[in-house]
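It should be emphasised that the depicted structure is a prediction, and the values quoted were computed from it without experimental measurement.
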Amino acid sequence: MGIRLKILLVFGLCFGLMAGATLWLLRQSVNASYQTIERRELVAHMGRVLQGLESVLAGLSSQTRDWAEWTDLYDYASNPRAHGAWAQANLLPQSLESANLSLILLLDAKGAVLAQVAPPGAALNMVSATEGGAIPMGRFKSQGRTPRCGLVATTLDLMAVCWARITRSDFSGAQVGTVVMGRLLTTDRQDKLRAQTGLPFEMRSALAAPEGLLHWPDVLEANDVGGRGFWTAHDSQQYHLYYSLLDAFGKDLGWITLSLPRDVYAQGQHLFAQVRGQLVLILLGTALVLALALDGLLLGRLRRFSAQLVRVRQGAAWDARIDVRGRDELGLLAGEVNTMMGLIESQMAGLTTLSMTDTLTGLPNRRAFDERLRLEFARQQRTECALALLVLDVDYFKGYNDRYGHPAGDAALQAVAQVLRQACARASDLAARTGGEEFSVLLPETDAQGAQDIARHIQLLLQAQALTHENSAVAEVVTLSIGIAIAREESAQAFVQRADRALYQAKQQGRNRVCADDLPKPSGVE
């Protein structure tokens with residue numbers, strides 16, 4: 001055997017081992033990364049389903065709170081006989097249809113039923129999925145002003161319910177009873193949620209789940225319909241997700257099931273197969289060249305290549321790129337790996353954007369607002385620069401929804417969002433939707449006068465939209481109440497609470513106005 005062939009065999013063996021090690025590292029890195037991406041995507045999908053259910057509960061909670069703080073309802077619950085005319089005018093089946101409800105239930109202070117409105121001819125009874133029989137009405141007794149919400153089983157379908165203590169609008173008076181409101185999760189409503197989320201989930205009342213499921217604990221935000229984890233099973237083609245639903249009292253209720261194709265996994269396997277095939281070709285060409293090439297030149301490049309891969313794998317730094325110069329096989333391999341990491345980076349960026357955006361208005365959501373508030377408030381505390389916060393609430397929005405319907409209400413919220421985009425002209429300004437009909441505007445480098453000017457500008461822009469609001473008590477069009485706070489030496493939580501207090505003051509003083517917390521009061525500002 002000649003020396004040239006021996007050198008070729010030695011180099012082939014050595015680089016064969018190195019290529020194998022590189023492939024192993026790459027496979028481990030790709031598999032781990034794609035599994036992480038796949039897991040995050042699945043968690044995000046299940047989170048979207050839960051957000052859909054939470055949005056149903058949020059809307060129902062708002063309606064329940066409005067009823068619970070209705071002084072006329074308080075008077076009726078205090079003395080039903082004396083205020084029977086109110087019940088005859090408001091506790092009608094038509095009230096359910098206009099408010100998109102399936103149940104209105106009034107309980108006295110001892111938990112006995114005062115009045116109940118259900119769909120005509122429907123045997124709608126709330127039952128316990130685990131205990132059997134009807135749910136005792138005493139469980140709905142509430143001591144706080146904030147509504148409690150959750151799901152319950154009924155003789156028809158699963159139903160979202162919220163209940164709250166009945167009180168006057170000024171929160172005075174003794175405990176006189178509880179108002180309970182329910183909205184059936186009918187097939188039509190579930191189909192609407194599927195359309196909104198774009199996910200083919202199912203809600204099943206059966207309590208038994210397949211054996212051998214893997215539990216993913218603490219991967220979801222806390223919510224009113226279940227826990228923070230769910231169970232999974234998978235094969236090479238699909239992932240099957242099982243989320244355990246709990247009723248409003250913490251009892252097992254059923255499952256949300258969701259089956260999704262393993263697109264991310266398949267893509268990772270395809271990319272790895274491509275890289276593996278290309279590496280085999282590179283190995284053959286390199287073995288021939290190395291018989292006549294200098295040992296140190298190629299080995300040095302391979303060491304740099306491997307070190308960069310290890311850094312990417314250890315730090316999950318998918319925005320980094322492999323830097324191996326040259327147009328040979330190693331350069332081609334680096335390009336394929338960079339293409340793969342670019343794909344991973346774009347997918348991660350897309351998931352991050354999705355989680356930080358309100359789907360209805362396109363504005364940043366509560367999570368994005370909280371993150372930006374943390375950064376801007378820390379900068380303000382460090383540099384003592386001006387920082388203003390506006391908290392805005394659409395006046396009589398429940399009445400708007402009741403009068404024009406929820407699609408029109410969504411359109412009104414989108415119009416408010418467009419107004420905020422117009423008003424927040426600077427790149428540093430942030431307008432976000434932080435609640436159902438509540439918005440927040442963060443204004444760096446803005447003092448009290450500037451914040452008040454922008455608030456007035458927002459009100460004028462919305463007034464120019466001329467969105468008719470016949471159920472408003474302050475104007476014929478949709479209006480805003482705005483609270484303002486200017487950051488000072490305090491906590492971020494206290495900063496937000498002051499803006500909320502200013503908003504509450506604006507509402508208490510008649511709405512459609514701007515109130516500022518602890519600021520000089522120029523003309524026209526409450």
Look at the side chain of [X] and the backbone N and O of [Y], then say whether any donor-acceptor pair between them is shorter than 3.5 Å.
| X | Y | result |
| --- | --- | --- |
| Thr446 | Pro444 | yes |
| Gln380 | Ala386 | no |
| Thr64 | Pro147 | no |
| Arg433 | Pro364 | no |
| Asn223 | Gly226 | yes |

Open item on the list: Ring of Tyr396, cation from Arg511 - is the NZ or CZ under 6.0 Å from the centre and inside 45° of the axis?
Closed with: yes
Do the charged groups of [X] and [Y] touch, with an N to O distance under 4.0 Å?
| X | Y | answer |
| --- | --- | --- |
| Glu376 | Arg372 | yes |
| Arg366 | Asp370 | yes |
| Arg48 | Glu54 | no |
| Asp188 | Lys192 | no |
| Arg194 | Glu202 | yes |

Task: Smallest separation among heavy atoms of Tyr400 and His469, with atom names - done: N-CE1, 3.5 Å
TODO: Scan side-chain atoms only and decide if Thr361 and Asp358 contain a donor-acceptor pair under the 3.5 Å cut-off.
DONE: yes
Task: Polar contact flag, side-chain donor to acceptor under 3.5 angstrom, Thr178-Arg165 - done: no
TODO: May I ask you to check whether Trp67 and Tyr76 place their ring centers less than 6.0 Å from one another?
DONE: no
